[in-house]
Each structure stands twice: as C-alpha cells, then as structure tokens.
Amino acid sequence: MKDCIETQPLRGMRDFLPKDWIFRKKLMQVWSETAEQNGFVRYETPIVESLSLLERKAGEEISDQIYNFEDKSGRAIALRPEITPSMVRIVSGNREAFPSTGKVYSIGQCFRYERASLGRKREHFQWNIDIVGEDSVICEAYLIQTAVLAMKRLGFEKGEFRVRVNNRVLVADFLNTLQITGENALAVMGVMDKKEKVPAEVFTEMLKEIGINEAQIERINAFMLSKDLQTIETFVPADCQGLKDLKQFWDYCQALDLTDYVDIDTAIVRGLAYYTGIVFECFDTKGKFRAIFGGGRYNHLFERLTGKACSAVGLGFGDVVVEELYKDKFGIPEKAEGVDVALGGFGDQAHATLLKLVAGLDETTYTLDYDFKSSAPGKFLGRADKRGAKVAVYIGENELNQGVVMVKNLTNKEQVFVPVSDVVAIVRQFLG
C-alpha cells in the first residue's frame with residue numbers, strides 16, 4: 001500500500017473549514033471597514049522578509065520564534081513573526097504614497113515557532129493599525145477607539161472587555177526611584193510583563209535573579225497594584241512625563257466616551273523592548289483568554305531600522321483569541337454560510353435551461369449554488385436545505401414538458417411554477 005498523506009495541518013497551524021468562514025468573513029470585513037471609516041489606508045507586504053530586518057530586534061523573545069531559512073540563492077530570509085517591521089520598511093521607502101496624517105493598516109498572516117495553546121497558534125492573522133509621524137497621545141486614544149469600535153461591531157458589549165493602559169516612561173521613572181536603571185530596568189520590565197502569568201513566588205524569584213532586593217520587590221508589587229492616577233502619582237517624581245502623558249491620554253478618552261472601556265493599570269508593561277511610551281492590552285473581563293489586542297508607542301523603531309527618526313504608535317489585533325471569545329459567546333456554527341438561491345434539475349435539457357438562469361441571476365447581487373447532480377426534486381430540495389439556501393429553483397421532466405420552472409421559498413415553503421422569463425422576478429419577490 002502506498003504511503004498516504006497526513007490530513008491534519010502541522011502542529012500549531014490551522015485549516016479553515018467552510019463553516020469557519022462565517023466568523024472569519026465577518027472579522028475581516030469589520031477590521032477593514034472600521035479602519036477605513038477612521039481614515040486608515042491599507043497596505044500589503046509579503047509574508048517573507050529579509051532575516052536581517054527581523055533580527056534588528058534581536059535579544060527579545062520574539063527573535064527565538066522566527067521561522068528562518070535560506071532561499072535557493074542562499075539569502076537568509078524568514079516568515080514574518082509580526083507586521084510592524086514590514087510596515088516600517090514600506091512606509092520609509094514610499095512615504096509620499098501614504099497620507100500626511102500617517103494612518104495606515106494591514107491584515108496579514110504571521111508565524112511564530114512557539115508552544116501552541118488556547119488563544120495562541122504558530123500562525124495567526126493580524127490586523128495592524130498604526131499612526132506614523134505624530135507625537136501626541138491623542139493617537140493612542142484614537143487607535144484604542146478604533147479597536148473598541150471593531151469589538152462592538154463584532155457583537156461584544158460594554159463590560160465584556162477592557163483595555164488596560166500604562167506608560168513605560170512612567171514605569172522607568174518609578175524604577176529609577178529604586179535605583180534600577182539601564183539594562184536592569186529593561187530586564188525588570190520584562191519580568192513585570194509576566195507577573196500575571198506566573199505564581200507570585202516565581203515572579204519574586206525572577207526579580208531576585210536580576211539582583212532586585214526584597215525592599216525593591218515589595219515596592220514593585222505595590223506599584224503594580226495601582227489602578228488610578230492619584231495613587232500612581234505617589235510612586236513617581238512630580239515632573240514625571242509618563243504620568244503627564246497618561247493624564248492627557250485620559251482626557252482624550254473622556255472626550256471619545258471611552259472611559260467605560262479603558263482602565264489605567266500599572267500591571268501592563270508589554271514585553272517588547274521597543275515600546276517607548278503608552279502601552280495597552282485588551283482582555284475579556286471574565287479572564288478566560290489571553291490578550292485580545294495590544295500595542296503602544298515605539299518612537300525609536302524607525303530610526304533603529306532605517307537610520308531616520310520618526311515617531312509612531314501601533315496596535316496588533318490577532319484573530320485567534322477573538323475567535324475563541326466569539327465562539328464562547330455566540331457558539332460554534334454547525335454548517336457553512338448559506339446562499340440565497342440553489343438551482344438544480346434532472347437531465348441535460350434541464351441543465352441547459354438552468355444555466356441560462358444562472359447567467360441572469362449573476363446580474364443580481366444574490367449568492368447562488370448550482371447543483372451539478374441530476375436529481376429528483378426531493379433529493380435536490382434536501383441538498384438545497386442543507387446548503388442553507390433561501391430559495392430553490394428546479395426543473396424536472398414534468399416542468400420541461402409544461403414549459404415552467406419550480407421556484408420554492410424554503411423559509412415559508414411557498415412554491416410556484418412559472419415560465420423561465422418570470423424566474424428572476426419571483427426570486428426577487430421571495431427574497432424581498
């Protein structure tokens with residue numbers, strides 16, 4: 001016996017069945033329409049990039065997760081683990097092609113070699129929205145407003161998710177009061193980012209391994225419990241720019257009517273070292289899943305990758321967690337998305353007439369499903385119903401002899417026999 005192919009995808013990868021596209025179609029549409037409504041213009045980049053572009057962020061966890069290889073010309077290339085470096089590359093090389101407001105977005109697939117778990121795969125599709133060339137924290141509020149709008153359009157309500165916001169400048173100023181600076185401060189931030197993912201004793205041990213003492217750890221824990229601007233103010237110097245930016249950001253959130261969706265939370269740090277200001281992550285309020293989306297300001301990344309300074313702030317919204325959250329709320333579809341009209345018949349002459357109807361119905365906006373099998377009406381209607389059709393159009397031997405077509409409303413079971421010339425009008429009538 002010949003070897004057979006493996007019918008399952010690689011570990012951590014996904015196949016999408018027809019029923020999966022009910023949600024995915026909605027998600028992609030919401031992402032693109034919401035971005036464009038808010039003035040973001042779309043760009044696309046290849047999923048394969050130069051390894052050197054991605055390795056410029058070496059030293060971070062993501063660098064160990066890159067799928068990299070040599071192409072047939074011996075060039076070191078990789079599957080992108082995220083879209084941001086690609087965005088920096090395309091915007092830097094084509095600045096005149098993008099709006100002066102700097103609002104850009106993309107939807108693309110990313111790959112990371114990491115342990116697959118609930119809400120995390122080795123590939124995912126991601127909606128990236130970024131604002132380039134603007135320093136004001138109004139940009140952070142505007143990005144979050146756009147993502148919150150997308151969540152609401154997906155069917156999630158106030159109280160079901162929260163965006164938790166902090167500022168890495170604020171965290172750095174706080175750590176400076178503890179004489180934790182430079183590389184040590186970055187290392188501590190990396191540990192702080194893991195606080196809610198590990199037991200308290202593990203968190204303490206990780207800080208001790210960096211050289212943080214008991215008194216400093218106690219102060220860090222107290223700081224990370226701060227959830228309001230007044231309390232946070234007691235941990236940092238009076239002239240702390242990070243605190244000033246958070247206060248300004250909160251004012252913008254109030255203006256955007258976002259305060260029911262946003263929390264100030266010093267436990268949010270974000271693991272990527274390139275963040276330079278406000279950072280944020282969105283979670284479901286039941287705490288069942290990983291972050292839904294996250295992002296922040298990265299004012300030095302353009303200079304790091306291109307040599308030219310440019311401020312920027314961005315947000316990444318993956319498909320994996322939000323799909324799990326959606327299924328948890330609305331359930332899993334049992335079958336593929338239905339169609340408006342199913343067409344079928346019995347015999348070659350019937351199919352010749354039906355294909356002319358297809359040509360006519362193609363001039364409408366209705367979705368069609370043509371049944372290639374020659375079947376008796378009962379079997380055809382059974383398949384049409386299983387396909388989720390709203391209207392069935394059928395021609396059998398009796399219909400051919402009488403010069404008519406059967407058109408059936410599968411919702412209310414109304415059925416009529418009409419000439420071919422009247423079929424499109426009846427379909428329109430049945431579909432409203």
Exercise for the section: Report yes or no: does Thr364 contribute a side-chain atom to a donor-acceptor pair with the main-chain N or O of Leu361 at less than 3.5 Å? Expected result: yes
Exercise for the section: Applying salt bridge (charged side-chain N to carboxylate O under 4.0 Å, His left out), name anything that partners Arg297, two or more places apart in sequence or on another chain. Expected result: Glu140
Exercise for the section: Could you tell me whether Glu196 and Arg164 make a salt bridge, using a distance below 4.0 angstrom between a side-chain N and a carboxylate O? Expected result: yes
Exercise for the section: Using a strict 4.0 Å threshold on nitrogen-to-oxygen distance, state whether Arg75 and Glu70 make a salt bridge. Expected result: no
Problem - Carboxylate-amine/guanidinium contact Glu233 Lys247, below 4.0 Å - result: yes
Completion exercise
Value for CZ (Arg42) from OG (Ser106), rounded to nearest 0.5 Å, stands at 6.0 Å
Problem - Lys/Arg N to Asp/Glu carboxylate O, Arg112 vs Glu123, below 4.0 Å - result: no
Handout entry: Pair Glu214 + Lys208, salt bridge at N-O below 4.0 Å
Key = yes
Exercise for the section: Give a yes or no on whether a salt bridge exists between Asp193 and Arg270, defined as a side-chain N under 4.0 angstrom from a carboxylate O. Expected result: no
Handout entry: Pairing of Lys227 and Asp263 as salt bridge, 4.0 angstrom limit
Key = no
Problem - Tyr366 vs Val339, side chain to side chain contact (heavy atoms under 4.5 Å, CB included): CA-CA, chis, key distance, verdict - result: CA-CA 8 Å; Tyr366 301 132; Val339 294; over 6 Å; no
Problem - Glu96 atom CD: more than 12 heavy-atom contacts under 6.0 Å - result: yes
Exercise for the section: Using a strict 4.0 Å threshold on nitrogen-to-oxygen distance, state whether Asp385 and Lys408 make a salt bridge. Expected result: no
Problem - Backbone of Gly242 reached by a side-chain donor or acceptor of Asn167 within 3.5 Å - result: yes
Practice task
Indicate the ring-plane relationship of Trp127 and Phe317, choosing parallel, tilted or perpendicular according to the 30° and 60° boundaries.
Solution key: tilted
Handout entry: Residues in side chain to side chain contact (heavy atoms under 4.5 Å, CB included) contact with Asn409, at least two apart in sequence or another chain
Key = Thr411, Asn412, Glu414, Phe430
